[in-house]
Amino acid sequence: MAGAGWLRGPAIGLGSTATVSLAISTASRDVFAVKTAELSRSALLQREQSILTTLDSPAVVSCLGFDVSPDHGGAVLYNLLLEYAPGGSLAQHIKQCGGRLDEPAIRSRTREIAAGLGYLHGRGLVHCDVKPGNVLIGSDGRAKIGDLGCARWVSAGEKEIRGTPMYMAPETARGEEQGTPADIWALGCTVIEMATGLPPWPEVANAWTGIRRIGFSGEAPEIPAWFSDEGKDFLGNCFMVKPEERWTAEQLLHHPFIQSSSSFSNCTVGDWISP
Ligand code: ADE
C-alpha cells in the first residue's frame with residue numbers, strides 16, 4: 001500500500017503496534033523507512049513525530065514527515081517517514097558480528113550513543129527506552145538513536161514509567177523517577193549487551209523478578225571480567241545506584257573509555273543485514 005508519492009517495500013522490523021518497512025519516493029527514488037500503525041493505535045507514533053520534528057542531529061534518526069493512507073481492509077494507517085538506517089538495529093548488528101563486539105567496536109558505538117544522548121538530554125529530552133533494539137546504524141556506519149516513541153520532555157513533569165524492564169534504572173524500577181540519569185543506566189546495559197550478546201540480568205527469569213531485583217537489591221548488572229579497567233570504570237559510572245551520582249552523557253564523553261575512540265569498527269557495511 002502506498003502513501004502519497006511513495007511506495008512501500010518489504011518489512012524490516014515488527015513492533016507490537018507499529019511495523020517498519022522500506023519505502024521509496026516515486027519522484028526522487030530516494031529510499032527511506034516508514035513506520036506504520038493503524039491510526040487508532042498510533043498515539044506513540046504521533047508522539048514520536050512531534051518530538052523528532054524538533055530535533056536535528058546526525059546522532060538521532062531524522063524524521064522526513066508523516067502521512068495518512070488507506071489500508072486494503074478499509075482501516076486508516078498513520079505513516080511516519082524516517083531516514084533509512086541501512087545497518088539495521090544495533091541488536092541485529094551484534095548478532096551479525098558473531099554475538100558480541102570487541103572492545104574497540106564497543107568504545108566507538110558507545111561514544112556515538114553517548115553523543116546522541118548528550119544531544120537529547122541537552123534539549124531537555126529523556127529517551128526512556130535506550131537499548132540495542134532502539135539504536136540504528138546509519139549510512140555512514142555510525143550508531144544513531146531511534147524509536148523516540150517513549151521519549152518525554154523533562155519539563156513536562158510526567159510521572160508515568162516507560163521502557164523495557166531489564167534496562168530500567170533502580171529509581172525507575174521503584175516507580176520513583178525516570179529522568180536523564182535513567183538513560184545513562186540503560187546505556188550501561190547496552191554496553192553490557194554489546195560485550196556479552198545478552199541483555200542485562202540474563203539469569204533473571206522474568207520482567208517482574210527483574211524489576212524487583214533492580215529496584216531493591218542495590219546491585220548493578222555484572223560487568224564482563226575481560227573488560228579493560230577503563231571499560232569497568234566507565235560502566236561503574238553508568239551504574240551508580242543513586243541517579244544524582246551517575247555521570248551525565250557530557251561527562252561520559254570525556255571518559256577515557258570513549259574519549260578518543262575512532263567512530264568506525266571492524267564490522268563494516270558489507271557485513272550489514274540487508275533489508
Ligand atoms: N528499524 C526501525 N527504524 C529503522 C530505520 N529508520 N531504518 C532502518 N531500520 C529501522
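Nothing here was measured: the structure is a model prediction, and the numbers come from that model. Numbers here simply count residues along the sequence, with the first being 1. Read the numbers this way: they start at 1 and go in the same order the structure lists the ligands and their atoms. Values below: every heavy atom of this structure, side chains too, minus hydrogens, waters and symmetry copies.
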Considering only N or O atoms, set out every pair between ligand 1 and the protein closer than 3.5 Å, with distances to one decimal place.
from: ligand 1; atom 1: 6 (N); to: Glu83; atom 2: O; distance (Å): 2.9
from: ligand 1; atom 1: 7 (N); to: Ala85; atom 2: N; distance (Å): 2.9

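For the salt bridge (Lys or Arg N to Asp or Glu O under 4.0 Å) test, residues two or more places apart in sequence or in another chain that qualify with Glu176 are Arg174. In this view, Asp233 and Asn237, His255 satisfy the side chain to side chain contact (heavy atoms under 4.5 Å, CB included) rule, not counting sequence neighbours. By the salt bridge (Lys or Arg N to Asp or Glu O under 4.0 Å) test, Glu48 pairs with Lys35, sequence neighbours left out.
Using cut-offs of 30° and 60° on the angle between ring planes, the pair Phe257 and Phe227 is tilted.
Side-chain N or O atoms of Thr248 include one that pairs as donor or acceptor with a backbone N or O of Gln251 at under 3.5 Å. In terms of modelled atom types and a separation under 3.5 Å, the side chain of Arg162 and the main chain of Gln178 share no donor-acceptor contact.
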